[in-house]
Amino acid sequence: MIAYYAHSHGNGHCNYAQLFAQKQPSKSVILTDSDFDFDDNLNVTRLENENLNNEAWSEEHYSKPDYMHYAPLGMQKISRRNEAILHEINKHKIQFVIVDVSVEVATLLRVSSIPYAYVRMFGNRNDMGHLQAYHAASFLLAYYPKELEPKETPDWVVEKTVYLGFVSATSKTPIPTYPNPIAKKYILLLQGMGGNDMNSTLLQKLVSFFYPVPIVVVGKNSLPQMENVINGGIVVNTAPYIQHADMVIAGCGMNTVSEVLSYGKPFIGKPEERPFEEQKWLLKALVENNLAVLLQPDALDRTVAQYTAINTLGEEAMDRSDFSELWDLFERYGFDFEKVSSNVSITNNRKEQSDICN
């Protein structure tokens with residue numbers, strides 16, 4: 001059995017967990033504190049959340065270790081949560097865990113003698129917490145093509161990483177043709193579930209620039225009603241909206257990016273504020289590879305011109321995955337994760353990896 005730990009911020013981590021587990025439901029367990037609506041046939045264990053409560057000590061009265069990002073003291077629910085994670089691992093005889101993402105869960109697993117793979121994300125992640133989690137992992141996973149890897153990434157991290165390409169449900173199957181949900185031309189403004197800073201001033205600029213073509217807003221949205229704006233709200237399936245949009249403007253979370261690009265469409269990116277500048281780094285890599293352009297609110301004509309120059313992506317433009325390759329890798333070595341690890345990791349770089357501890 002393999003466990004997939006999914007962080008609860010946004011829907012992306014849980015969406016990946018679901019795609020992974022759907023390939024082998026009888027061999028997978030999902031661990032999360034998210035309220036994500038998983039398929040009924042999947043094994044899901046709901047954990048207590050880590051949110052601060054009135055038990056937590058004041059931050060003035062303790063120090064946080066450099067190898068952790070979040071380490072409050074005095075919270076019994078975190079103790080219960082950690083106990084629940086280990087209980088589920090023992091109950092299901094878990095052989096291996098995919099951590100997406102948490103350096104604290106990675107630490108818990110490592111000190112409990114449980115091997116894990118850590119999912120890497122974009123951003124400035126050369127802090128001690130991430131590097132230690134990478135160092136202690138059996139191997140690393142990247143849900144993007146190797147061609148997008150930032151040049152700042154240490155060589156040993158690159159060599160320890162399995163690059164799956166952009167992961168989405170439509171990566172390996174024929175894409176169905178959906179009816180146009182709006183029944184006319186439109187610009188799609190796709191809002192992720194992790195929060196965004198889209199405001200009425202920017203939306204009004206977009207409305208005025210693209211008029212009379214309407215703006216369709218899909219996703220988490222607290223914007224006021226506005227003329228020529230259609231609020232699609234939170235939808236179960238964004239595919240019809242992406243497929244028929246004349247242009248897509250979207251945040252730069254990995255899940256959103258993977259879904260949009262799976263339809264062969266570049267997009268106009270509006271990076272949101274995230275820890276470690278995740279979305280800014282991802283958009284920079286996408287722009288450098290002609291997969292997206294940056295939304296410039298005060299230069300929309302230039303933005304559209306840049307978008308038009310890369311309006312269609314060829315099939316060869318990007319690697320894509322639906323986790324089939326990862327399960328194939330596990331099966332190739334008979335689910336012997338020591339063998340998987342030894343064939344992924346570059347053993348002669350172990351000394352380089354250990355240098356981060358000095």
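Given the structure is predicted, the values throughout are model-derived calculations rather than measurements. Positions are given from 1, in the same order as the sequence printed here.
- Here the shortest heavy-atom pairing between V207 and M226 reads CG2-SD, 4.2 Å.
- In terms of modelled atom types and a separation under 3.5 Å, the side chain of D336 and the main chain of K339 share a donor-acceptor contact.
- Under the 3.5 Å distance criterion, with hydrogens and angles disregarded, no donor-acceptor pair is assigned to the side chains of Q204 and E227.
- Looking at S8 and N49, their side chains never come closer than 4.5 Å, going by heavy atoms from C-beta outward.
- Look at E149 and R120 and you find a salt bridge, because one of the NZ, NE, NH1 or NH2 atoms lies within 4.0 Å of a carboxylate O, short of that distance.
- Across all their heavy atoms, S168 and S258 have their closest contact at CB-O, 4.1 Å.
- For the pair M121/M254, no side-chain contact is recorded, criterion being any heavy-atom separation below 4.5 Å from C-beta on.
- Under the 4.5 Å side-chain heavy-atom criterion for Ile, Leu, Val, Met, Phe, Trp and Tyr, I114 and V101 are members of the same hydrophobic cluster.
- Going from atom CZ of F330 over to atom CZ of F335 covers 7.5 Å, rounded to the nearest 0.5 Å.
- Side-chain contact between V29 and I2 is absent, with no heavy atoms from C-beta onward closer than 4.5 Å.
- Between R80 and E48 there is a salt bridge, with a side-chain nitrogen of the basic residue lying less than 4.0 Å from a carboxylate oxygen of the acidic one.
- Atom NZ of K265 and atom CD of E259 lie 13.5 Å apart (nearest 0.5 Å).
- For the pair A6 and T32, the tightest heavy-atom approach, listed with the atom from each and the gap, is O-OG1, 2.8 Å.
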Chi angles and distances behind the side-chain contact (heavy atoms from CB on, under 4.5 Å) call for I98, L141 | CA-CA 9 Å; I98 295 174; L141 292 169; 4.0 Å; yes
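- When all heavy atoms of V218 and G232 are compared, the pair lying nearest together is CG2-CA, 4.4 Å.
- Between E273 and K280 there is a salt bridge, since at least one side-chain N of the basic residue sits less than 4.0 Å from a carboxylate O of the acidic one.
- For the pair N15 (side chain) and N11 (backbone), a donor-acceptor distance under 3.5 Å is absent.
- A salt bridge links E272 with K270: the closest approach of a Lys/Arg side-chain nitrogen to an acidic carboxylate oxygen falls below 4.0 angstrom.
- The environment of Q296 atom CD is dense: over 12 non-hydrogen atoms of other residues, nucleotides or ligands sit within 6.0 angstrom.
- Hydrophobic clustering (ILVMFWY, side-chain heavy atoms < 4.5 Å, transitive): F38 and F323 are in distinct clusters.
- One distance of note links CG of L52 with CD of E55; it measures 11.0 Å at 0.5 Å rounding.
- To the nearest 0.5 angstrom, I230 atom CD1 is 12.5 Å from L189 atom CG.
- With hydrogens and angles disregarded, a donor-acceptor distance shorter than 3.5 Å links the side chain of N237 to the backbone of A239.
- Although no hydrogens or angles enter the test, the distance criterion places a donor-acceptor pair under 3.5 Å between the side chain of T303 and the main chain of A299.
- Relative ring orientation between F122 and Y144 is described as tilted, the plane-to-plane angle lying within the 30° to 60° band.
- Looking at N228 and I215, their side chains never come closer than 4.5 Å, going by heavy atoms from C-beta outward.
- More than 12 heavy atoms of other residues, nucleotides or ligands shown are found within 6.0 angstrom of OH on Y178.
- With 3.5 Å as the limit, one finds no donor-acceptor pair spanning the side chains of N51 and K77.
- The backbone N or O of H9 lies less than 3.5 Å from a partner atom in the side chain of H7, making a donor-acceptor pair.
- Between F20 and W327, the ring center distance clears the sub-6.0 Å criterion.
- Side-chain atoms of Y16 and N255 include no donor-acceptor pair closer than 3.5 Å.
- Note on V44: it does not cluster hydrophobically with L86, by side-chain heavy-atom contacts below 4.5 Å among ILVMFWY residues.
- For CG of N41, the number of neighbouring non-hydrogen atoms (other residues, nucleotides, ligands) closer than 6.0 Å is greater than 12.
- A donor-acceptor pair is defined here as one N or O able to donate and one able to accept, closer than 3.5 Å; no such pair exists between the side chain of S341 and the backbone of E338.
- In terms of modelled atom types and a separation under 3.5 Å, the side chain of Y186 and the main chain of Y241 share a donor-acceptor contact.
- Atom CD in Q18 sits 11.5 Å away from atom OG in S28 (nearest 0.5 Å).
- In this structure, the side chain of E88 does not engage the main chain of T45 through any donor-acceptor pair within 3.5 Å.
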Show the numbers, then the answer: is there a side-chain contact (heavy atoms from CB on, under 4.5 Å) between L31 and I85?
-> CA-CA 7 Å; L31 306 174; I85 291 172; 4.2 Å; yes
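- By the 30° and 60° cut-offs, the orientation of the rings of Y134 relative to H130 is tilted.
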In sequence, state the C-alpha distance, the side-chain angles, and the governing distance for V260 and V257, and then conclude on side-chain contact (heavy atoms from CB on, under 4.5 Å).
-> CA-CA 5 Å; V260 173; V257 167; over 6 Å; no
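- Y67 is not listed as a side-chain neighbour of V103, based on a closest heavy-atom distance of 4.5 Å or more.
- No hydrogens or angles considered: nothing links the side chains of N126 and E152 as a donor-acceptor pair under 3.5 Å.
- A salt bridge is absent between D33 and R46; no separation between the charged side-chain nitrogens and carboxylate oxygens falls under 4.0 Å.
- Residues N53 and M75 have side chains in contact (heavy-atom distance under 4.5 Å, counting atoms from C-beta outward).
- When all heavy atoms of L47 and R81 are compared, the closest pair comes out as CB-NH1, 4.1 Å.
- Hydrophobic clustering (side-chain heavy atoms under 4.5 Å, transitive across Ile, Leu, Val, Met, Phe, Trp, Tyr) groups Y163 together with L282.
- Rounding to the nearest 0.5 angstrom, the gap separating the CG atom in D301 from the CZ atom in F209 is 5.5 Å.
- When all heavy atoms of Y118 and S102 are compared, the pair lying nearest together is OH-N, 3.1 Å.
- A donor-acceptor pair is defined here as one N or O able to donate and one able to accept, closer than 3.5 Å; such a pair exists between the side chain of Q279 and the backbone of C252.
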Evaluation steps, ring pair (Phe, Tyr, Trp, His ring centres under 6.0 Å), between F139 and F96 | CA-CA 11 Å; F139 56 90; F96 196 77; 5.4 Å; yes
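- Judged by distance alone, the side chains of D127 and H69 do bring a donor and an acceptor atom under 3.5 Å apart.
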What do the steps show when you test L261 against F267 for side-chain contact (heavy atoms from CB on, under 4.5 Å), and what is the final call?
-> CA-CA 8 Å; L261 294 183; F267 69 102; 4.3 Å; yes
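- Hydrophobic clustering (side-chain heavy atoms under 4.5 Å, transitive across Ile, Leu, Val, Met, Phe, Trp, Tyr) groups Y263 together with F166.
- In this structure, a donor-acceptor pair under 3.5 Å is absent between the side chains of H87 and E83.
- Atom NZ of K146 has 12 or fewer neighbouring heavy atoms from other residues, nucleotides or ligands inside a 6.0 Å radius.
- By the 4.5 Å heavy-atom criterion applied to side chains, Y5 and D100 are not counted as neighbours.
- Inter-residue side-chain proximity for N43 and I30 is flagged as unmet; no heavy-atom pair is nearer than 4.5 Å.
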